[in-house]
Amino acid sequence: MKKTIAVLPGDGIGPEIMAQATGVLDAVAGKFSHEFEYRYADVGAAAIDRTGNPYPDKTHEICMTSDSVLFGAIGDPKYDNDPKAKVRPEQGLLKMRKALGLYANIRPVKPYASLLEASPLKNGIVAGADFVVVRELTGGMYFGEPRGRNEAGDKAFDTCVYSKAEIERVTDVAFAYASRRKGHVTLVDKANVLATSRLWRETVKEIHAAKYPDMQLDFLFVDNAAMKMVSNPRDFDVILTENMFGDILSDLAGVINGSIGLLPSASTGVDRSLYEPIHGSFPQGAGRNIANPIAMILSAAMMIEDAFGAMEEGALVRRACDAAVAQGVCTPDIVKDSPYGTKETGKFIIDYIKNA
Ligand code: IPM
Ligand code: MN
């Protein structure tokens, strides 16, 4: 097959981990006689420095005209510490999600057998956990209007808005995932407090009754869900939730795996899908060859499976990542005082694919 891929390395460790992911894709292309054409584009602080815009039109055009989008990370501390900054790198990510219509973010969580000891949680709790967080990505408090400050500047407000249509489409994604898994969806909300959550509950119940009556549906308040996620993670199959709760819970889910550096994600949308690690730009790690490239590489694996239908290829990339973790050829987030950095971990995975 021949595919074009928009490659957006972004900020911080983004370029370093992306280099490993494209190396892995090259190895896959070589082995299976595919052709992947990378079309690089700027996003985030890197794009602000170059163009003043964190998601330039040119980047959008490249995303829209490619078969898929691979994205690294966004964020730069020089903006975090400046609350008055007019443009922020994160705006680029949000603009991109909105412009590409990426309404569902899929974050699978499954601990590696060899890493059960790496989780700060007891082995007996995390062993056997296997769930997916389906996070709504283009609504809620991230995008609701009005937002901002009053004139005096001593009051700030954000608005959480959801329409029924926005809830319906991501609910379908969650049930579609559940149908390929254990058939169990848990809606996480705050329906005891929030009007939007009550609309979520009502809508999800309706869709369940009308379209997926054979599947199991239950509900948890987000505070309780956070507790259950680290005390009984095996109870979950598919967690469906709104944007902000999904953001928070999916970082928490990283604890189950032993490192957030291992968790990939797929954002499916109206026209395009985008694949990105769930971790951020880890600016303290930039340029130090210490960032774990596996979340980025597994995001590329999700891309070739979901967007290109290359299942055998994706499975091989997963096996290569499993082998790296199992053999301890991995970055210091996994192996304390590891002699292996970003490049060495990537090279092991690339060689594994070549030699398979
Ligand atoms: C994520 C990130 C982003 C988010 C930030 C960088 C805006 O934390 O992808 O989870 O909050 O969605
Ligand atoms: Mn996040």
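Sequential numbering from 1 along the given sequence is applied to the chain's residues. One-based numbering, in listed order, for ligands and for the atoms of each.
Under the 3.5 Å distance criterion, the side-chain polar atoms of Asn123 are left unmatched by any main-chain donor or acceptor of Leu116. In terms of modelled atom types and a separation under 3.5 Å, the side chain of His208 and the main chain of Met215 share a donor-acceptor contact. Here the side chain of Ser281 pairs a donor or acceptor atom with the backbone of Gly75 at under 3.5 angstrom.
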Report each N/O pair between ligand 1 and the protein that falls under 3.5 Å, naming both atoms.
unit_1	atom_1	unit_2	atom_2	d
ligand 1	8 (O)	Asp247	OD1	3.3
ligand 1	9 (O)	Arg97	NH2	2.8
ligand 1	9 (O)	Arg107	NH2	3.2
ligand 1	10 (O)	Arg107	NH2	3.1
ligand 1	10 (O)	Arg135	NH1	3.2
ligand 1	10 (O)	Asp247	OD1	2.9
ligand 1	11 (O)	Tyr142	OH	2.6
ligand 1	11 (O)	Asp247	OD1	3.4
ligand 1	12 (O)	Arg97	NH1	2.7
ligand 1	12 (O)	Arg135	NH1	3.4
ligand 1	12 (O)	Arg135	NH2	2.8

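Of all N, O or S atoms in Asp247, the one lying closest to the Mn ion (ligand 2) is OD1.
Both the sub-6.0 Å distance and the 45° axial angle are satisfied by Lys205 relative to the ring of Phe219. A cation-pi arrangement, defined by a distance under 6.0 Å to the six-membered ring centre and an angle within 45 degrees of its axis, is absent between Arg88 and Tyr55.
For the salt bridge (charged side-chain N to carboxylate O under 4.0 Å, His left out) with Asp130, the lone residue among Arg181, Arg234, Lys182 that qualifies is Arg181.
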